[in-house]
Q: 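Here you go, one structure.
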Amino acid sequence: MAEKNTSAKPGGKPGGKKRLTIIILVALLALAAIGVMRENMRKEAPDEGQMRVQLPGSAQPDNALAVPEDATNSTGNATAQRPPAGEQPAQTGQPAAQPADAHVGVVMPKVDSDSIILPLFIEDLAKYLVSGYYPANASPATEKGGVISLGPKNLNMRYGVDMTGLSWSGDDVRKGRQSVLRYILTPTMADALYRLYVDKFMSAVEAEAKQLVRDVEGEERPLTRREIKEMHLLLAQKVMATAGVLRACAIMEDAMVRVDSLHMATRAAFSANERFQVTLHQYQELADNGGDPAAIADAKKAMDTAGKTYQQAIMQRERTKESLANALRKYKWVSMQDDAANIYVAQWVFRRVQDNPRVFPALMTVHERLLDLAERLEKRSAL
């Protein structure tokens, strides 16, 4: 007779209770592991409000903006050069660069200034621009409305000669100016500098406007709220016009040819004037000293010829200048300032192209940022 299985309950399966116990233990272990993982993640997470980045090699100085590899420093030399493929970098006596993961978790310091374009430049620029504003009935303004007496030439003379707020090395101002311009005029750097300083500039303009005092109809007084709004609007128009000239120079196919023609016409007029002055002096000497009549007649003829040549050279120069002004004025925003200012900006662009034929992308970045600045100034004038 077969024996009965007394270990199984009626209707159940053998070992069911044992399997259920194992499943419960596995579930408890999994929940414990998940809890440990979450706790570790909370410990390793960065604090709120801080940005952690992985820095390759050594960190950048606190007071210098990051620049592309083709950017230049204040002396005009490349700021970063990689060795040719297959070659090892030269030994400099400095400690070897650490692995990329050595700086994981380093907090990026906040950049609030540049080591070449100093905050002093922004402060001085704001003060200088505001100082050029004269409200209505304050000379040189008339009763019709206020004016900004400064233009691109004034700014270029101030910062291209005095270099206020600009850091450069050496004793040659021309080379220093050139190195600073090369540093600024890359698309990346132009954009970075604008973003770094635009809010400071706007705040400085507002502060300087509140401190400005003008003689209005014989009374020394601060600017009114309406006058401060007008000043912002006039500045916006000048900034927008300058941006328009930069754009015109970039997209007009013969813009630089026209500027070069103006330079040649100007040099020709200068040379013709020099020749006229020489012949005039020769004629006057002979006439005053009672020289030979035939010699005097020849001297007079030479003087008259040189005079006509000079007049023709002046006319040619003016025609060339007018042609350039008319061509620029066809582009958006350019007509918001006078022709002399527009031509001066175009000549400034011509000099930058002579220094770097590939400067136009940077100039277009400057154009875009100037339009943004003009919009900010215009909005401030409407408040």
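Hydrogens, waters and symmetry mates play no part in the numbers below; they use all other heavy atoms, side chains included. All values derive from a computational prediction rather than experimental measurement.
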Q: Should we count NZ of Lys153 as having more than 12 external heavy atoms under 6.0 Å?
A: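 At most 12 heavy atoms, drawn from other residues, nucleotides or ligands, come within 6.0 Å of this atom.
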Q: Are any of the side-chain heavy atoms of Thr242 and Trp333 separated by less than 4.5 Å?
A: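 No. Closest side-chain heavy atoms not under 4.5 Å.
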Q: Does Glu322, at its CD atom, have more than 12 non-hydrogen atoms belonging to other residues, nucleotides or ligands within less than 6.0 Å?
A: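 No, CD of Glu322 has 12 or fewer neighbouring heavy atoms, counting only those of other groups under 6.0 Å.
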Q: Drop me the distance from Thr266's OG1 to Arg317's CZ, to the nearest 0.5 angstrom.
A: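 One finds 6.0 Å between OG1 of Thr266 and CZ of Arg317.
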Q: Test Val216 against Glu219 for side-chain contact (heavy atoms from CB on, under 4.5 Å), laying out the working first.
A: CA-CA 5 Å; Val216 181; Glu219 177 189 356; 5.6 Å; no
Q: Of the non-hydrogen atoms in Arg258 and Thr320, which two are nearest, and what is the gap between them?
A: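 That would be O-CG2, 4.4 Å.
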Q: Could you list the donor-acceptor pairs under 3.5 angstrom formed by side chains in residues 139-150, with sequence neighbours left out?
A:
from	atom 1	to	atom 2	distance (Å)
Thr142	OG1	Lys144	N	3.3
Ser149	OG	Gly132	O	3.2

Q: Quick one, Leu383 with Lys229, criterion side-chain contact (heavy atoms from CB on, under 4.5 Å). Give me CA distance, side-chain angles, the key distance, then yes/no.
A: CA-CA 8 Å; Leu383 294 178; Lys229 291 170 64 175; 5.9 Å; no
Q: Is there a donor-acceptor contact under 3.5 Å linking the side chains of Arg158 and Thr164?
A: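 The answer is no; no qualifying pair exists.
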Q: Which residues pass the side-chain hydrogen bond (donor to acceptor under 3.5 Å, both in side chains) test with Gln337, sequence neighbours left out?
A: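 Expected list: Asn342.
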Q: Taking it one step at a time, do Leu234 and Glu230 satisfy side-chain contact (heavy atoms from CB on, under 4.5 Å)?
A: CA-CA 6 Å; Leu234 293 175; Glu230 180 188 48; 4.1 Å; yes
Q: Side chain of Asp124, backbone of Leu120: donor and acceptor closer than 3.5 Å?
A: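 No; zero donor-acceptor contacts below 3.5 Å.
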Q: Would you say that Met252 contacts Arg247 through its side chain, given a criterion of any heavy-atom pair below 4.5 Å between the two side chains?
A: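 No - every pair of side-chain heavy atoms lies 4.5 Å or more apart.
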Q: Got a sec, which hydrophobics cluster with Leu280, joining ILVMFWY side chains under 4.5 Å apart, including via others?
A: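 Traced through the cluster, Leu280 reaches Phe276, Tyr283, Leu286, Ile296, Met303, Tyr310, Ile314.
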Q: Examine distances only and state if a side-chain atom of Thr279 and a backbone atom of Arg275 form a donor-acceptor pair shorter than 3.5 Å.
A: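 Yes.
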Q: Which value, rounded to the nearest 0.5 Å, describes the distance between Gln316 atom CD and Arg319 atom CZ?
A: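 With rounding to 0.5 Å, CD (Gln316) is 4.5 Å from CZ (Arg319).
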Q: For residues Phe350 and His263, determine if any side-chain heavy atom of one lies less than 4.5 Å from a side-chain heavy atom of the other.
A: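 Sidechains of His263 and Phe350: in contact.
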Q: Which pair of non-hydrogen atoms, one from Ser115 and one from Ser167, has the smallest distance, and what is that distance?
A: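 Closest approach of Ser115 to Ser167: O-CB, 3.4 Å.
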Q: Does any part of the side chain of Pro222, heavy atoms only, come nearer than 4.5 Å to the side chain of Lys210, both counted from C-beta?
A: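 Side chain of Lys210 against side chain of Pro222, heavy atoms only: no contact under 4.5 Å found.
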Q: Assigning hydrophobic clusters by single linkage (Ile, Leu, Val, Met, Phe, Trp, Tyr; side-chain heavy-atom cutoff under 4.5 Å), is Met264 placed with Ile343?
A: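 No: no chain of side-chain contacts under 4.5 Å links Met264 to Ile343.
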Q: If you look at every heavy atom in Leu246 and Trp348, which pair is closest and at what distance?
A: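 The pair with the smallest heavy-atom distance is CD2-CZ3, 4.5 Å.
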Q: Roughly how far apart are Asp355 CG and Leu185 CG, rounded to 0.5 Å?
A: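 Asp355 CG to Leu185 CG: 9.0 Å, rounded to 0.5 Å.
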Q: If you draw a 6.0 Å radius around NZ in Lys127, do more than 12 non-hydrogen atoms from other residues or ligands fall strictly inside?
A: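 12 or below, so no.
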Q: Is there side-chain contact between Val213 and Leu223, with heavy atoms separated by less than 4.5 Å?
A: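 SC-SC contact between Val213 and Leu223 ruled out.
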Q: Under the 3.5 angstrom rule, does the side chain of Asn154 hit a backbone N or O of Gly151 as a donor-acceptor pair?
A: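 Checked: pair present.
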Q: Where do Val130 and Leu212 come nearest, in terms of heavy atoms and distance?
A: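 Heavy-atom minimum between the residues: O-CD2, 3.6 Å.
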Q: From Arg214 CZ over to Ser131 OG, what is the distance, rounded to the nearest 0.5 angstrom?
A: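 Arg214 CZ to Ser131 OG: 7.0 Å, rounded to 0.5 Å.
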Q: Which atom names give the shortest non-hydrogen contact between Ala313 and Ala272, and what distance separates them?
A: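 Ala313 and Ala272 have their closest heavy atoms at CB-CB, 4.0 Å.
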Q: Against Phe121, only a single residue in Leu166, Ile116, Val180 fulfils side chain to side chain contact (heavy atoms under 4.5 Å, CB included); can you say which?
A: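 Per the side chain to side chain contact (heavy atoms under 4.5 Å, CB included) rule, the option paired with Phe121 is Leu166, out of Leu166, Ile116, Val180.
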Q: If you round to the nearest 0.5 Å, how far is CD of Glu206 from CG of Leu377?
A: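 The distance works out to 10.5 Å.
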Q: Any non-hydrogen side-chain atom of Leu129 less than 4.5 Å from a side-chain atom of Lys238?
A: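 Heavy-atom side-chain distance check fails, nothing below 4.5 Å.
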Q: Please list every donor-acceptor pair under 3.5 Å in which a side-chain atom of residues 360-374 meets a protein atom from a residue at least two apart or in another chain.
A:
from	atom 1	to	atom 2	distance (Å)
Thr365	OG1	Pro361	O	3.1
His367	ND1	Ala243	O	3.0
Arg369	NE	Asp191	OD1	2.6
Arg369	NH2	Asp191	OD1	2.7
Asp372	OD2	Tyr194	OH	2.3
Asp372	OD2	Arg376	NE	2.8

Q: Before you tell me yes or no, could you show the steps for Met240 and Glu378 under side-chain contact (heavy atoms from CB on, under 4.5 Å), namely the whole-Å CA-CA distance, both residues' side-chain angles and the distance that decides it to 0.1 Å?
A: CA-CA 10 Å; Met240 199 175 296; Glu378 194 171 20; 4.1 Å; yes
Q: Determine yes or no for a side-chain-to-main-chain donor-acceptor pair under 3.5 angstrom, with Tyr133 supplying the side chain and Glu227 the backbone.
A: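 Looks like yes, one N/O pair under 3.5 Å.
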Q: Are Asp304 and Lys300 close enough that some pair of their side-chain heavy atoms sits under 4.5 Å apart?
A: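 Side-chain contact under 4.5 Å: yes.
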Q: Answer yes or no: is there a side-chain heavy-atom contact under 4.5 Å between Leu118 and Ser113?
A: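 No, every pair of side-chain atoms sits at 4.5 Å or beyond.
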Q: How far apart are the closest heavy atoms of Ala346 and Leu328, and which atoms are they?
A: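 For Ala346 and Leu328, the tightest heavy-atom pair comes out as CB-CD1, 4.1 Å.
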Q: Is the closest side-chain donor-acceptor distance between Gln354 and Arg351 under 3.5 Å?
A: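 Per modelled atom types, Gln354 and Arg351 side chains form no pair under 3.5 Å.
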Q: What pairs with Tyr134 under side-chain hydrogen bond (donor to acceptor under 3.5 Å, both in side chains), at least two apart in sequence or on another chain?
A: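 Expected list: none.
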Q: Within a 6.0 Å radius of atom CE on Met315, are there more than 12 heavy atoms belonging to other residues, nucleotides or ligands?
A: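 It does not: Met315 CE has 12 such atoms or fewer within range.
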Q: Tell me, please, which residues at least two apart from Ser203 pass side-chain hydrogen bond (donor to acceptor under 3.5 Å, both in side chains).
A: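 Ser203 satisfies side-chain hydrogen bond (donor to acceptor under 3.5 Å, both in side chains) with no other residue.
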Q: Can you tell me if Lys321 uses its side chain to pair, donor with acceptor, with the backbone of Ala265 under 3.5 Å?
A: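 Looks like no, no N/O pair under 3.5 Å.
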Q: Taking atom CD of Gln237 and atom CE of Met336, what is their separation to the nearest 0.5 Å?
A: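 With rounding to 0.5 Å, CD (Gln237) is 4.5 Å from CE (Met336).
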Q: Are a donor atom and an acceptor atom from the side chains of Asp114 and Tyr183 found within less than 3.5 Å of each other?
A: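 A pair is found: one side chain offers a donor N or O, the other an acceptor, under 3.5 Å apart.
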